[in-house]
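All of these numbers come straight from a predicted model, not from anything done at the bench. Labels below follow one simple rule: chain letters A, B, ... track the order of the sequence lines, proteins then strands, and each chain is numbered from 1. Just so it is clear, the values below take in all heavy atoms, side chains as well, and ignore hydrogens, waters and symmetry mates.
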Amino acid sequence: MNTPAAIPTKLPETPVDHVAHHFDDARQQFDACVLGMWAFLASEVMFFGGLLTAYTVYRQSAHEAFAQASRELDVTLGAINTLVLLTSSLTMALAVRASHLGNLRMAVLQIVSTLALGAVFLGIKLSEYVHKFHEGLAPLAGLPFRETGPEAGQEKLFFGLYFAMTGVHALHMVVGLGLLAWLAFKLQRRRLANPNLTVEICGLYWHFVDVAWIFLFPLLYLIDRTR
Amino acid sequence: MTTAAPPRLANYFIVYALLIVGLAATVAVSYAHLGPFNVPAMLAIACAKATLVALYFMHVRESPKLVRLAAVAGLIWFCILLAFVLSDYMTRGWLPQRGAPMPTALAD
């Protein structure tokens, strides 16, 4: 313990824990980093929490208009996207498991699968956005709004919240895709000092984005489909 | 840090299957006539799915107590935010407003 650690000039092929000097051991380093990530995720919950609170306040005051506007969204595409994102969470969890077992080749494969599924999600989301713009259901930047009835203002509010909430979520997806691309590249080149720690942290972020969508999908797409 | 033994591979697929069942259930609930129970049912399913992801995919189940506490902290702070905001918005009609006609019971 007291001998100065030799800094390897080239990182070994199999993962070996590299412990920073301010940690006692690899276990402490791992737990501290995971705790830090959860603290960040708690702040992310509050970030989405503001939007969710605004949504709750307006939905309880304009329930009928929200239900009506919600029926304009495409349930099939929303459900497919949920399925895609849940599957990407599975592949990410498998990547984390593989890296813990020291199987970095498998980890890279699973991360690339996650990346591909994330891209599919964003592609579907983009096509939905384009459709909404063509339909005149995007009350952004002074664009004309299709609905003109007595509840048009409240429906406009729903679509404003829809674009804000899914937009912020999509932004997190874009960040996540960048993160995964970086991770796959570094992992493939064996350039990470603590591969399983880094994969674990990136995995936590990806799963959080999935959890956010688990709530957004029923709140936005499925308010009331009985009519 | 190489953990002792990661969970069995099968566990991940079981959790995934449960998540798909949850997705089907939440879509089914929105098409069902449940009256006032639609929202609670939908939220319960979403919370169950989120819990599954957190416990098994995010390893909260095998994490130290401090990490579990941090994981729940976000939820608790969000509940505080929601509770205080709604305690304002949902009680605005409870008291007579200045300039508004007084309810008959309070008029004299």
Side-chain angles (χ1 to χ4, degrees), chain A residues 15 17 25-31 34-35 37-39 41-46 48-50 52-54 56-57 60-61 70 75 78-79 82-83 86-87 89-90 92-94 96-98 100-102 194 196-197 200 203-204 207-208 210-211 214-215 217-219 221-226, chain B residues 1-3 5-9 11-13 15-16 19-20 22-24 26-27 29-34 38-39 42-43 45-54 56-60 63-64 66-82 84-86 88-90:
Chain A
D17 296 318
D25 53 29
R27 178 83 231 175
Q28 190 195 38
Q29 174 173 262
F30 185 88
D31 289 344
V34 167
L35 178 64
M37 191 60 196
W38 274 105
L41 293 184
S43 80
E44 286 275 69
V45 169
M46 295 312 285
F48 280 95
L52 286 172
T53 306
T56 310
V57 167
Q60 59 108 8
S61 69
S70 163
V75 187
T82 312
L83 188 64
L86 290 176
T87 311
S89 241
L90 173 69
M92 192 67 224
L94 292 177
V96 173
R97 183 176 187 275
H100 277 290
L101 291 171
N194 295 303
N196 45 15
L197 173 58
E200 173 90 29
L204 285 177
H207 294 311
F208 169 79
D210 182 34
V211 168
I214 284 175
F215 284 95
F217 172 59
L219 287 178
Y221 288 72
L222 302 172
I223 292 182
D224 180 6
R225 289 277 170 183
T226 50
Chain B
M1 176 71 213
T2 311
T3 45
R8 284 185 312 132
L9 195 60
N11 286 11
Y12 290 90
F13 288 94
V15 170
Y16 177 64
L19 289 173
I20 304 294
L23 167 63
T26 200
V27 173
V29 160
S30 75
Y31 284 93
H33 292 272
L34 296 181
N38 260 317
V39 176
M42 190 208 77
L43 283 177
I45 295 168
C47 288
K49 285 165 78 184
T51 309
L52 278 175
V53 172
Y56 293 95
F57 286 178
M58 298 169 96
H59 307 298
V60 170
S63 293
L66 189 58
V67 169
R68 288 191 216 176
L69 188 66
V72 177
L75 186 67
I76 292 174
W77 282 109
F78 173 60
C79 288
I80 294 172
L81 172 73
L82 204 60
F84 277 80
V85 170
L86 290 184
D88 172 4
Y89 277 96
M90 298 189 83

Top residue by heavy-atom pair count (under 4.5 Å) with chain A, among B:S30, B:A50, B:G22, B:G74? B:S30
Contact class of B:V15 relative to chain A, heavy atoms under 4.5 angstrom: neither
Checking heavy atoms, do the side chain of B:V53, its backbone, both or neither come under 4.5 Å from chain A? side chain
Given the options B:A73, B:A71, B:A70, which has more heavy-atom pairs under 4.5 Å with chain A than any of the others? B:A71
Heavy-atom pairs under 4.5 Å with chain B are the metric here; pick the option from A:T87, A:L52, A:I223 that has the most. A:T87
Verdict with reasoning, A:V45 to B:W77, per side-chain contact (heavy atoms from CB on, under 4.5 Å): CA-CA 9 Å; A:V45 169; B:W77 282 109; over 6 Å; no
Let me confirm one number: the CE-CG distance from B:M42 to A:D224, rounded to the nearest 0.5 Å. 11.5 Å
Tell me, for B:L19 versus chain A, whether the close heavy atoms (under 4.5 Å) come from the side chain, the backbone, both or neither. both
Taking side chain as everything from C-beta outward and backbone as N, CA, C, O, which of these in A:L90 sits under 4.5 Å from a heavy atom of chain B? Side chain, backbone, both or neither. both
Could you tell me which portion of A:F48 (side chain, backbone, both or neither) has an atom closer than 4.5 angstrom to a non-hydrogen atom of chain B? neither
Atom OG1 in A:T53, atom OH in B:Y89: separation rounded to 0.5 Å? 10.5 Å
Just how far is it from atom CD1 of A:I214 to atom CD1 of B:I45, taken to the nearest 0.5 Å? 12.0 Å
With a 4.5 angstrom heavy-atom cut-off, is it the side chain or the backbone of B:Y16 that approaches chain A, or both, or neither? side chain
At a 4.5 Å cut-off on heavy atoms, which part of B:A32 comes close to chain A: side chain, backbone, both, or neither? backbone
For a side-chain contact (heavy atoms from CB on, under 4.5 Å) check, start with the C-alpha distance between B:H59 and A:V96, then their side-chain angles and the critical distance, and finish with the verdict. CA-CA 10 Å; B:H59 307 298; A:V96 173; 3.5 Å; yes
So what's closer than 4.5 Å to chain A heavy atoms on B:V60: side chain, backbone, both or neither? side chain
Considering all heavy atoms, the nearest A:G50-B:L81 contact: N-CD2, 4.1 Å
Test side-chain contact (heavy atoms from CB on, under 4.5 Å) on B:K49 and A:T82; report intermediate values, then the result. CA-CA 12 Å; B:K49 285 165 78 184; A:T82 312; 4.3 Å; yes
Among A:V34, A:V211, A:D210, A:L41, single out the residue with the greatest number of heavy-atom pairs under 4.5 Å to chain B. A:V211
Please identify, among B:N38, B:V72, B:L66, B:L75, the residue contributing the most non-hydrogen atom pairs under 4.5 Å to chain A. B:L66
Report which part of A:Q29 has an atom under 4.5 Å of a heavy atom belonging to chain B: side chain, backbone, both, or neither. neither
Cut-off 4.5 Å, heavy atoms of chain B, and the answer for A:E200 is side chain
Atom CG in B:L82, atom OG1 in A:T56: separation rounded to 0.5 Å? 5.0 Å
Rounded to the nearest 0.5 angstrom, the CE-CE distance for A:M92 and B:M58 is 11.0 Å
So which part of B:R8 gets closer than 4.5 Å to some heavy atom of chain A, the side chain, the backbone, both or neither? backbone
Which heavy atom of B:F57 sits nearest to which heavy atom of A:A93, and what is that distance? CD2-CB, 3.7 Å
Say you draw a straight line from CG of A:L219 to OG1 of B:T26; how long is it, rounded to the nearest 0.5 Å? 9.0 Å
Heavy-atom proximity to chain B below 4.5 Å, by part of A:S61: neither
Quick check on B:V27 against chain A: is it the side chain, the backbone, both or neither that has a heavy atom closer than 4.5 Å? both
